[in-house]
Structure formats: structure tokens, C-alpha cells
Engineer: 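For reference, the structure I am asking about is given below.
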Amino acid sequence: MDVVSCSSLMFWSRRILGYRSAFRVSAFLASVVICSSLLCPAGAFLYNNRYAGDRVLRITPSNEQEVRALKGILGLMKVDFWQPNSASLIHQNQSVDVHVKHHDIRGIHERLTDQKISYQVLISNLQKEIEKQTGHRSSRKRRAESQYDYEVYHSLEEIQNWMFEINRTQPDLVGMFSVGKSYEGRPLYVLQLGKRNQKKAVWIDCGVHAREWIGPAFCQWFVKEAISSYQYDSVMTRLLNQLSFYIMPVFNVDGYQYSWNTDRFWRKTRSKIRKFHCRGVDANRNWKVKWCDEGASSHPCDDTYCGPFPESEPEVKAVAKFLRKNKKRIKAYISIHAYAQMLLYPYSYKYAMIPNFNCVESAASSAVKALYSAYGVRYRYGPASTTLYVSSGSSIDWAYKNGIPYAFAFELRDTGYFGFLLPESLIKPTCTETTRAVKAIASGLLKKCNPDKDRFPYI
């Protein structure tokens with residue numbers, strides 16, 4: 001909340017209302033200022049203080065007995081899984097990051113201690129970390145359209161206003177359209193970047209999972225970098241002259257809005273499920289490819305709920321329709337997620353090699369090297385099933401099945417120290433290095449790659 005100068009308010013109130021009326025106004029304003037200062041200090045009531053005392057723990061089971069015990073403990077405690085995103089994906093010697101409510105901390109400590117399972121505290125007070133991430137910037141700095149700040153996180157309204165503004169001020173390079181509406185009726189806006197009528201295109205979406213705020217920040221950053229460097233960066237000039245980029249800064253608009261207003265760690269969409277009080281579907285388990293198989297849940301209350309049927313979510317259905325319509329032009333599909341510092345490609349749902357593995361692997365290697373060249377940050381890369389975990393109904397498998405030869409999912413910074421609360425101070429380096437990686441992938445599309453097998457699978 002911005003603090004407005006009392007003297008300036010008094011000046012204008014005297015001019016408009018007269019001195020006597022201004023006295024009554026000043027008394028009212030004084031009471032508002034007192035209330036704002038004493039009852040609602042900046043940052044103290046973000047999300048109604050609901051995360052005060054909550055912790056994020058990192059637990060690493062060292063053997064199969066500990067894996068079984070940990071699955072049982074976390075199932076009983078009903079924790080919020082950060083990494084991996086469900087108990088079924090817990091494996092030996094792999095870290096498990098969980099958000100634990102303050103009233104469950106003693107209980108989980110006792111159970112882990114009884115089973116001799118070691119753990120560490122990544123975040124000791126979640127509410128304070130949230131306030132560090134978003135509470136210190138004034139809304140004025142966030143919303144100044146003439147000097148849009150790309151190094152802070154923006155609300156959905158701000159992002160959409162920015163999209164309109166960038167479309168208005170950059171007509172030669174930017175177009176804007178909607179592919180449909182969300183469950184709650186919000187438009188699903190996409191920017192088209194580059195010179196018109198190009199034969200090849202790249203699709204980039206961000207914000208599929210609501211709590212991963214660095215995603216929308218990247219999509220905005222990439223648009224800004226592309227436009228600002230078009231005249232002097234020969235690589236970007238070539239890319240925008242020869243490719244169209246379709247960029248969707250916020251895929252899951254309803255969930256993203258909810259993550260700003262109500263639950264910072266909301267993941268899913270916001271659709272209502274009949275006969276259940278739980279809401280939402282995992283928008284990266286709702287695609288029509290091995291739908292609701294391993295790595296997805298059929299229970300509406302789970303974070304990896306696959307939905308009542310494939311493409312049940314209006315957001316998924318709208319994007320799938322657009323991609324199907326343009327699949328002959330779209331040569332690369334890129335989805336931006338967090339967190340893990342990985343670059344993933346198909347398959348997600350099974351342990352198998354894709355037919356054009358050599359080309360995709362080469363593109364991934366080039367992207368990771370380009371990313372590393374910025375700040376020395378290392379990313380792992382490989383098939384999603386072996387590099388991260390098995391998941392069915394994912395967008396990259398769907399894109400690949402539908403003939404898009406290069407399908408990637410980025411898991412951006414970090415590896416768990418901040419998790420979903422990546423500080424605003426890390427937006428610039430994260431987006432800078434990721435831009436280099438995306439440019440490397442896009443540049444590869446302008447060259448010819450001959451895979452060992454010239455076909456695409458129907459999976």
C-alpha cells in the first residue's frame with residue numbers, strides 16, 4: 001500500500017471542498033493513516049498471515065525402508081509437496097521438499113526422529129520469506145507503465161495491461177490476440193513476436209502452475225529483450241526476421257490470480273469439481289496423451305489431479321486447439337516451470353528414447369551451455385522421465401505427439417533454497433541466462449538437423 005503525502009491531500013482537499021470540509025476530510029484521512037500504520041503495517045498481513053510459523057523441510061530417505069516410512073508419515077500429515085509433487089514420486093537418496101504447517105511441525109519432527117530419518121530446514125518461517133519476496137516494493141513501482149519494472153513480480157492485471165501497452169507501442173514487432181477464456185471467464189492472451197507471416201514459429205508458455213511466479217516474469221523479460229535488442233543483436237534480428245514467437249505470459253490465469261490474492265502456493269487451475277469441495281486440475285496432467293496414467297492422480301484434492309477427462313480445462317483446451325491449428329508452422333514448444341534447474345524433453349510418461357533424439361539432445365546441450373555462459377549456473381538436461389520423474393498427460397509429450405519436433409520444459413532456478421519464493425533480486429540473472437538458452441534453441445531451428453529416424457511417434 002502506498003503512503004500518500006498528507007500535506008498534498010490537504011492541499012487538494014482545500015482547493016476542492018473548502019477549508020471547513022477539508023477539516024472533516026483530514027480527520028477521516030488521519031484515522032485511515034493511523035489504522036494503516038498500526039493495524040496493517042506493510043507486509044504483516046500478506047495472505048492474512050496464514051503462513052506464520054510454517055516451515056519448508058528437505059528430507060532425504062537413505063534406503064527403501066525410509067522411503068516407505070516417509071510416504072506413510074507425509075500421507076498422514078497432509079503436507080504441501082514442493083519437490084517432487086506427490087508422495088508416489090519419493091525415491092531413495094532423492095531430496096523431498098515439503099511445506100509443513102506450523103501446527104504439524106512438532107508431530108513430523110517426532111515421527112521422522114522415531115524412524116531415524118534425517119532432514120534439514122530450508123525455510124524456518126514461510127510468512128517472513130513471502131514478505132521478503134513481495135512485500136518490500138511499493139505498488140507504485142510495480143505499476144508504473146511508463147517505466148515498467150521487469151525485476152519485480154507482477155499481478156495478472158499488471159501483466160495484461162503491460163501486454164496491451166507493448167502491443168500498442170511496438171506494432172511492427174508485436175501482435176496480440178486471445179485463444180479463449182479461462183474457467184472463470186478471463187481472456188487467455190498471447191503475444192505474437194517477430195515480423196509477420198513467417199513460415200516457422202516457436203510457442204512459449206509460462207505460468208502453467210500458479211505458484212511458479214518466475215515463469216511469467218521470464219515471458220515478460222524475453223519479450224522486452226527481444227524488442228530492445230532487435231536493432232543491434234544480430235542473433236535476435238535474425239530470429240525475429242525468420243521466426244514468429246507465440247508467447248503466453250500466464251497460461252493458468254485463474255490460478256495465478258488466486259496465488260496473488262489468497263494462497264501463495266496454489267498450483268492448479270480453479271475449476272469446480274462436482275461432488276468434491278476441492279477445486280482445480282493440474283494443467284500439466286490434463287493433456288490428451290497417456291492421460292491420468294503414472295505420475296498423475298485421479299483424486300480431485302491432489303495437486304497432480306488429471307481432471308475428469310482430457311482437456312477438461314478450458315485453458316488446456318484453448319491452447320491445444322491453437323497448437324493443433326498451427327502445428328505445421330510451430331517447430332518448437334517451450335514451457336517454463338520452476339524449480340529444479342533442468343531442461344527436459346519427451347518422453348515424460350515412459351522410459352524410452354524419442355525418434356529424433358540426436359537433434360533434440362543436441363539442441364538441449366546447446367541451450368544448457370548458452371545458459372551456463374551467463375553466470376555459471378548448471379542445469380541438468382535429458383528426458384523428463386529419467387531426469388525428473390515420470391508424469392502422464394504432460395504438454396511436452398502432447399506437443400511431440402502432435403508433430404512439433406522440439407518440445408521442452410524448463411525448470412528454472414533454484415534447486416530448493418528458495419523454492420517457489422525466488423527473490424526478486426534473482427529475476428534478472430535467471431531470465432538473462434534463460435533467454436540465452438531459448439535463443440540457442442530457436443537458432444537451431446534455422447539450421448537443418450537430420451535425425452536417425454525421420455518420423456514422429458503416435459504415443
Side-chain angles (χ1 to χ4, degrees), residues 142-145 148-150 152-196 198 201-227 240 243-261 266 268-271 280-281 283-284 286-287 311 313-327 329-330 332-337 395 399 431 435 438:
R142 291 181 185 278
R143 295 175 184 172
E145 288 184 11
Y148 196 77
D149 193 344
Y150 291 90
V152 299
Y153 294 112
H154 289 277
S155 69
L156 179 65
E157 180 185 5
E158 291 163 10
I159 293 171
Q160 292 183 340
N161 287 341
W162 165 82
M163 293 176 77
F164 278 105
E165 183 69 8
I166 209 86
N167 179 52
R168 184 186 68 82
T169 58
Q170 303 290 337
D172 291 340
L173 285 176
V174 179
M176 180 176 172
F177 58 92
S178 170
V179 293
K181 289 192 174 181
S182 70
Y183 178 84
E184 294 179 343
R186 295 181 175 89
L188 302 171
Y189 289 128
V190 176
L191 293 176
Q192 182 175 353
L193 189 60
K195 293 296 183 179
R196 299 295 181 270
Q198 301 304 330
V202 177
W203 171 277
I204 304 175
D205 60 47
C206 299
V208 170
H209 293 140
R211 61 190 177 184
E212 298 166 10
W213 286 10
I214 188 60
F218 168 74
C219 266
Q220 295 170 86
W221 184 278
F222 183 82
V223 172
K224 180 263 295 184
E225 278 297 300
I227 292 169
L240 296 189
L243 296 171
S244 286
F245 288 84
Y246 295 111
I247 301 187
M248 191 177 197
V250 187
F251 183 110
N252 179 8
V253 288
D254 297 344
Y256 187 72
Q257 176 86 351
Y258 193 74
S259 76
W260 272 76
N261 295 340
W266 186 258
K268 300 186 288 182
T269 63
R270 291 294 298 159
S271 56
V281 168
N284 201 32
N286 191 233
W287 297 76
E311 295 182 23
E313 304 312 282
E315 301 87 349
V316 174
K317 187 174 184 179
V319 172
K321 181 180 178 181
F322 178 83
L323 294 175
R324 272 192 291 260
K325 184 179 177 181
N326 294 277
K327 65 182 181 181
R329 292 181 60 237
I330 298 175
Y333 170 90
I334 299 172
S335 193
I336 306 295
H337 294 262
S395 64
C431 293
T435 296
V438 170

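The figures here come from the full heavy-atom set of this structure, side chains too, leaving out hydrogens, waters and symmetry mates. Predicted model only: the values in this text are computed from it and were never measured.
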Engineer: Within the side chain of T269, is there an N or O that forms a donor-acceptor pair under 3.5 Å with the backbone of V281?
Structural biologist: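 Yes; at least one donor-acceptor contact below 3.5 Å.
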Engineer: Is the closest side-chain donor-acceptor distance between S271 and E313 under 3.5 Å?
Structural biologist: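 On atom types as modelled, these side chains qualify, holding a pair under 3.5 Å.
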Engineer: Distance check, rounded to the nearest 0.5 Å: Y256 atom OH versus H154 atom NE2?
Structural biologist: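 The NE2 atom of H154 is 8.5 Å from OH of Y256, to the nearest 0.5 Å.
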Engineer: Within a strict 4.5 Å, meaning less than it, do heavy atoms of the V208 and N252 side chains meet?
Structural biologist: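 Heavy-atom side-chain distance check fails, nothing below 4.5 Å.
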Engineer: Taking side chain as C-beta onward, heavy atoms only, is H337 less than 4.5 Å from N284?
Structural biologist: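 In contact.
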Engineer: Side-chain contact, heavy-atom cut-off 4.5 Å: F222 with V438?
Structural biologist: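 With C-beta onward as the side chain, the pair touches.
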Engineer: Quick one: list whatever passes salt bridge (charged side-chain N to carboxylate O under 4.0 Å, His left out) with D254, sequence neighbours left out.
Structural biologist: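 D254: salt bridge (charged side-chain N to carboxylate O under 4.0 Å, His left out) contacts with R186.
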Engineer: Using the ring of each side chain (for Trp, its six-membered ring), is Y246 parallel, tilted or perpendicular to W203, with breaks at 30° and 60°?
Structural biologist: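 Rings of Y246 and W203: tilted, 30 to 60°.
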Engineer: Does the N167 side chain pair with the main chain of M163, one donor and one acceptor, at a distance under 3.5 Å?
Structural biologist: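 Side chain of N167 to backbone of M163, a donor-acceptor pair under 3.5 Å: no, none is there.
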Engineer: State, with a plain yes or no, whether a side-chain heavy atom of S178 is found less than 4.5 Å away from one of V190.
Structural biologist: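 No, side chains not in contact.
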Engineer: With a 3.5 Å cut-off and no angle check, do the side chains of Q198 and S244 form a donor-acceptor pair?
Structural biologist: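 The answer is no; no qualifying pair exists.
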Engineer: State, to 0.1 Å, how close A201 and L243 come at their nearest heavy-atom pair, and which atoms those are.
Structural biologist: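 For A201 versus L243, the nearest heavy atoms are N-CD2, 4.4 Å.
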Engineer: Find the distance between CD1 (I166) and OG1 (T169) and round it off to the nearest 0.5 Å.
Structural biologist: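 Rounded to the nearest 0.5 Å, the CD1-OG1 separation comes to 5.0 Å.
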Engineer: At their closest point, which heavy atom of V316 faces which heavy atom of A283, and how far apart are they?
Structural biologist: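 Smallest heavy-atom distance, with atoms named: CG2-O, 3.7 Å.
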Engineer: Just wondering, do F177 and L188 contact through their side chains at under 4.5 Å, heavy atoms?
Structural biologist: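 Of all side-chain heavy-atom pairs linking F177 with L188, none is under 4.5 Å.
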Engineer: With sequence neighbours excluded, what pairs up with R329 under the salt bridge (charged side-chain N to carboxylate O under 4.0 Å, His left out) test?
Structural biologist: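 So R329 forms no salt bridge (charged side-chain N to carboxylate O under 4.0 Å, His left out) with any residue.
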Engineer: A side-chain contact here means heavy atoms from C-beta on lying under 4.5 Å apart; do F251 and V253 qualify?
Structural biologist: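 Side-chain contact under 4.5 Å: no.
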Engineer: Can you confirm whether more than 12 heavy atoms, excluding those of K224, are under 6.0 Å from its NZ atom?
Structural biologist: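 Counting other residues, nucleotides and ligands, NZ of K224 exceeds 12 neighbours.
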Engineer: So which atom in S259 and which in A210 form the shortest heavy-atom distance, rounded to 0.1 Å?
Structural biologist: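 Closest approach of S259 to A210: OG-O, 3.5 Å.
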Engineer: Cation-pi between R270 and Y183: NZ/CZ under 6.0 Å from ring centre and within 45° of the ring axis?
Structural biologist: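 Not flagged: R270 not positioned over aromatic ring of Y183.
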Engineer: Enter the distance from Q257:CD to I159:CD1 here, rounded to the nearest 0.5 Å.
Structural biologist: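 Between Q257 CD and I159 CD1, I get 10.0 Å after rounding to 0.5 Å.
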Engineer: Apply side chain to side chain contact (heavy atoms under 4.5 Å, CB included) to residues I336 and I334 and explain how you reach the verdict.
Structural biologist: CA-CA 7 Å; I336 306 295; I334 299 172; 3.9 Å; yes
Engineer: I need the minimum non-hydrogen distance between W266 and Y258, along with the two atoms involved.
Structural biologist: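 Shortest heavy-atom separation between W266 and Y258 comes out as CG-CD2, 3.6 Å.
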Engineer: List the steps, then state whether side chain to side chain contact (heavy atoms under 4.5 Å, CB included) holds for K195 with L240.
Structural biologist: CA-CA 6 Å; K195 293 296 183 179; L240 296 189; 5.7 Å; no
Engineer: Working to the nearest 0.5 angstrom, can you tell me the gap between Q170 CD and I227 CD1?
Structural biologist: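 The distance works out to 4.5 Å.
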Engineer: Hey, does I204 have a side-chain heavy atom less than 4.5 Å from the side chain of M248?
Structural biologist: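 They are not in side-chain contact.
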Engineer: Just by distance, with hydrogens left out, do Y148 and Q220 show a side-chain donor and acceptor under 3.5 Å apart?
Structural biologist: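 On atom types as modelled, these side chains qualify, holding a pair under 3.5 Å.
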Engineer: Report the distance from atom CG of N161 to atom CG of L156, rounding to the nearest 0.5 Å.
Structural biologist: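 The CG atom of L156 is 9.5 Å from CG of N161, to the nearest 0.5 Å.
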Engineer: Looking at every heavy atom in both C219 and I247, which two are closest together, and how far apart are they?
Structural biologist: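 Taking C219 first and I247 second, the nearest heavy atoms are SG-CG2, 3.7 Å.
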Engineer: Determine, step by step, whether L191 and W162 satisfy the side chain to side chain contact (heavy atoms under 4.5 Å, CB included) criterion, reporting the C-alpha distance in whole Å, the side-chain angles of both residues, the deciding distance to 0.1 Å, and the verdict.
Structural biologist: CA-CA 11 Å; L191 293 176; W162 165 82; 3.9 Å; yes
Engineer: Does any part of the side chain of C206, heavy atoms only, come nearer than 4.5 Å to the side chain of V250, both counted from C-beta?
Structural biologist: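 V250 does not reach C206 side chain to side chain.
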Engineer: Nearest 0.5 Å, please: how far is CZ in R168 from CE in M176?
Structural biologist: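 With rounding to 0.5 Å, CE (M176) is 13.0 Å from CZ (R168).
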Engineer: With a 6.0 Å cut-off on ring centres, are Y189 and F164 close enough?
Structural biologist: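 They qualify: ring centres under 6.0 Å apart.
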Engineer: Is any side-chain N of the basic residue among E311 and R324 closer than 4.0 Å to the acidic one's carboxylate O?
Structural biologist: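 Counted as a salt bridge, because a side-chain N and a carboxylate O are separated by less than 4.0 Å.
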